[in-house]
Amino acid sequence: KETFEGHQVLRMYAKNEDQLALINDLEDNHEFELDFWRGVTDVRTPVDVRVPHHNLRSIKIHLESNAIDYSIMIGDLQAMLDEERMEMVSAAR
Amino acid sequence: VPEPKNADSYDYARYHPINEIYSFQDMLVAENPKLVSKIVIGKSYEGRPLNVLKFSTGGTNRPAIWIDTGIHSREWVTQASGTWFAKKIVDDYGRDPALTAILNKMDIYLEIVTNPDGYYFSHTSNRMWRKTRKPNPGSSCIGVDPNRNWDAGFGGAGASGSPCAETYRGPKANSESEVKSIVDFVKSHGNFKAFISLHAYSQMLLYPYGYTKTPCKDDTELHSLAKKAVTDLASLYGTRYRFGSIINTIYQASGGSIDWSYNQGIKYSFTFELRDTGRYGFILPTNQIIPTATETWQALMAIMNHTYKNPY
């Protein structure tokens, strides 16, 4: 079973089209193993991306070095999934 | 774990594995044989049945409404909403005048688990799975994005040609049995008047096109219907939706289901992106399932009612 310990979902806020293009480039870059939950649309709409734990540091540095604002939407995905699983089991009982 | 004994005791406020949804469908049919039947329109890659619930009060090949939920397996709130819709239709027929009028003239077809292999996989092996489960020859990456696999601008921008991408379009249009089965069924039926696909998340109601900037010929009517639908949706909890064509509202996406259905002549083709509480993404808490389904039903009714009142 694949688990997601330490994966975070980052919410990225592009300030302009250039930043939007930079985020878009990330989607084509398979090296970071990113999973776009909510893709790039326009500057008014944030982009949500699941980032594996081992790439968090590089992605955050990349965003910060390009002055792209972001917040942590989900701090530890696996913790949420564990909670979801426990809730399913207890509701079933 | 005791199985629910009937559709009334089914817990609509939690997420269910696929076997429980299959059992639910059979219970609903058994309890409402004059209204609901189950049609198996095909099999998934791994051999699971592609079940469609047909809600019909009689007649032959009546004008019909198609609703599918969960083509992207990890979007669990859509399958859960689909289950709630099925029960809602049964409960409201004969009670709600608008739905009763629709069902006295039209049939409703509802595919709750549109990507059963992916849904099973998302419960057992990888909660974040989105695609089908068919292997891709020459690649270690599995599956195709079934909402890039339709024959509508297939292979264009807004889909990936890489099997490892989440938006991999597949080797050719309709390569996925989950898609081809719907295509064959809708074509052979020949009398669908509305085609509605439900996704999560980001609160949008979208109409064609996704693969081209060219507005569809019914753009004005679809825009105004979408506005009415999202207004009705917001009437319950104030949930605000954006609406418009796919390409203008989100991004270019080729090979999508409602572009295909629209090009087949099904004018009322819409796709939803359901509720986004802003913090959970695909892991929407279970206490959000019924509010999501309930508010979405308002919009669905707006579209179905408009379809009923505007025959073409």
Side-chain angles (χ1 to χ4, degrees), chain A residues 1-14 17 20-21 23-24 26-53 71-93, chain B residues 1-4 10-17 20 72 74-76 80 121-131 141 158 160-167 199-204 206 242 244 246-253 273 276-287 289:
Chain A
K1 185 159 186 162
E2 188 163 346
T3 55
F4 300 87
E5 277 89 6
H7 288 221
Q8 291 189 344
V9 180
L10 303 183
R11 178 158 280 185
M12 304 174 185
Y13 308 87
E17 292 296 328
L20 215 52
I23 298 174
N24 208 21
L26 286 173
E27 193 162 11
D28 299 326
N29 186 339
H30 296 302
E31 181 193 335
F32 288 123
E33 302 166 64
L34 303 178
D35 173 15
F36 277 69
W37 281 20
R38 178 149 70 168
V40 174
T41 53
D42 53 51
V43 288
R44 293 168 301 158
T45 312
V47 180
D48 298 338
V49 185
R50 175 173 62 85
V51 187
H53 182 254
S71 62
I72 297 170
M73 180 172 132
I74 295 176
D76 181 357
L77 181 59
Q78 189 57 43
M80 281 188 70
L81 296 181
D82 291 343
E83 206 172 301
E84 183 184 65
R85 172 62 57 181
M86 281 176 64
E87 197 179 1
M88 277 181 77
V89 171
S90 82
R93 284 196 187 115
Chain B
V1 176
E3 289 282 323
Y10 187 88
D11 188 353
Y12 296 88
R14 71 176 175 90
Y15 297 117
H16 292 262
E20 292 180 13
H72 289 144
R74 65 188 178 184
E75 298 169 0
W76 283 7
F121 198 71
S122 72
H123 274 265
T124 54
S125 300
N126 181 341
R127 175 66 181 86
M128 289 298 109
W129 194 259
R130 163 192 168 95
K131 301 194 282 184
C141 295
S160 174
S162 162
C164 295
E166 291 291 351
T167 56
H199 294 252
Y201 63 101
S202 55
Q203 295 179 197
M204 287 183 283
L206 307 168
R242 288 193 291 150
I246 297 170
I247 197 165
N248 286 332
T249 312
I250 43 173
Y251 39 68
Q252 186 166 20
E273 292 282 350
D276 166 17
T277 61
R279 287 188 293 151
Y280 299 104
F282 302 116
I283 324 293
L284 200 66
T286 49
N287 63 11
I289 294 173

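In this text the structure is predicted, and so the values were computed from the model without any measurement. Within every chain, numbering begins at 1; the chains are lettered A, B, ... in the order of the sequence lines, protein sequences first and strands thereafter.
Closest approach of A:M88 to B:W76, counting heavy atoms only: SD-CZ3, 3.8 Å. The heavy-atom pair separating B:I250 from A:T41 by the smallest distance is O-CG2, 3.2 Å. The minimum heavy-atom distance linking B:G278 with A:M73 is given by the pair O-CG, 4.1 Å.
Of the atoms belonging to B:R74, it is side-chain heavy atoms, and not backbone ones, that fall under 4.5 Å from chain A. With a threshold of 4.5 angstrom between heavy atoms, B:Y280 approaches chain A through its backbone and through its side chain. For B:T249, the part sitting under 4.5 Å from any heavy atom of chain A is the backbone (N, CA, C, O) and nothing else.
Ranked by heavy-atom pairs under 4.5 Å with chain A, the list B:Y15, B:W129, B:Y201, B:F121 is led by B:Y201. The residue among B:A165, B:P285, B:G281, B:S160 with the most heavy atom pairs within less than 4.5 Å of chain A is B:G281. Ranked by heavy-atom pairs under 4.5 Å with chain A, the first of B:S125, B:S162, B:C164, B:S202 is B:S125.
You'll find the side chain of B:M128 reaches within 4.5 Å of the side chain of A:W37, heavy atoms only. With contacts defined as side-chain heavy-atom distances shorter than 4.5 Å, the pair A:T45/B:R242 qualifies.
The side-chain contact (heavy atoms from CB on, under 4.5 Å) test applied to A:S90 returns no partner, not counting sequence neighbours. Listed by chain and number, the residues in a salt bridge (Lys or Arg N to Asp or Glu O under 4.0 Å) with B:E166 amount to none (sequence neighbours excluded).
To the nearest 0.5 Å, the span separating CZ on B:R279 from CE on A:M80 amounts to 8.5 Å.
Contacts of residues 2-10 of chain A with chain B at a heavy-atom distance below 4.5 Å involve A:E2, A:F4, listed in sequence order. Applying a 4.5 Å heavy-atom cutoff, the residues of residues 27-35 of chain A that approach chain B are A:H30, A:D35.
The pair B:R127-A:E84 meets the salt-bridge criterion, with a side-chain N (NZ, NE, NH1 or NH2) lying under 4.0 Å from an Asp/Glu carboxylate O.
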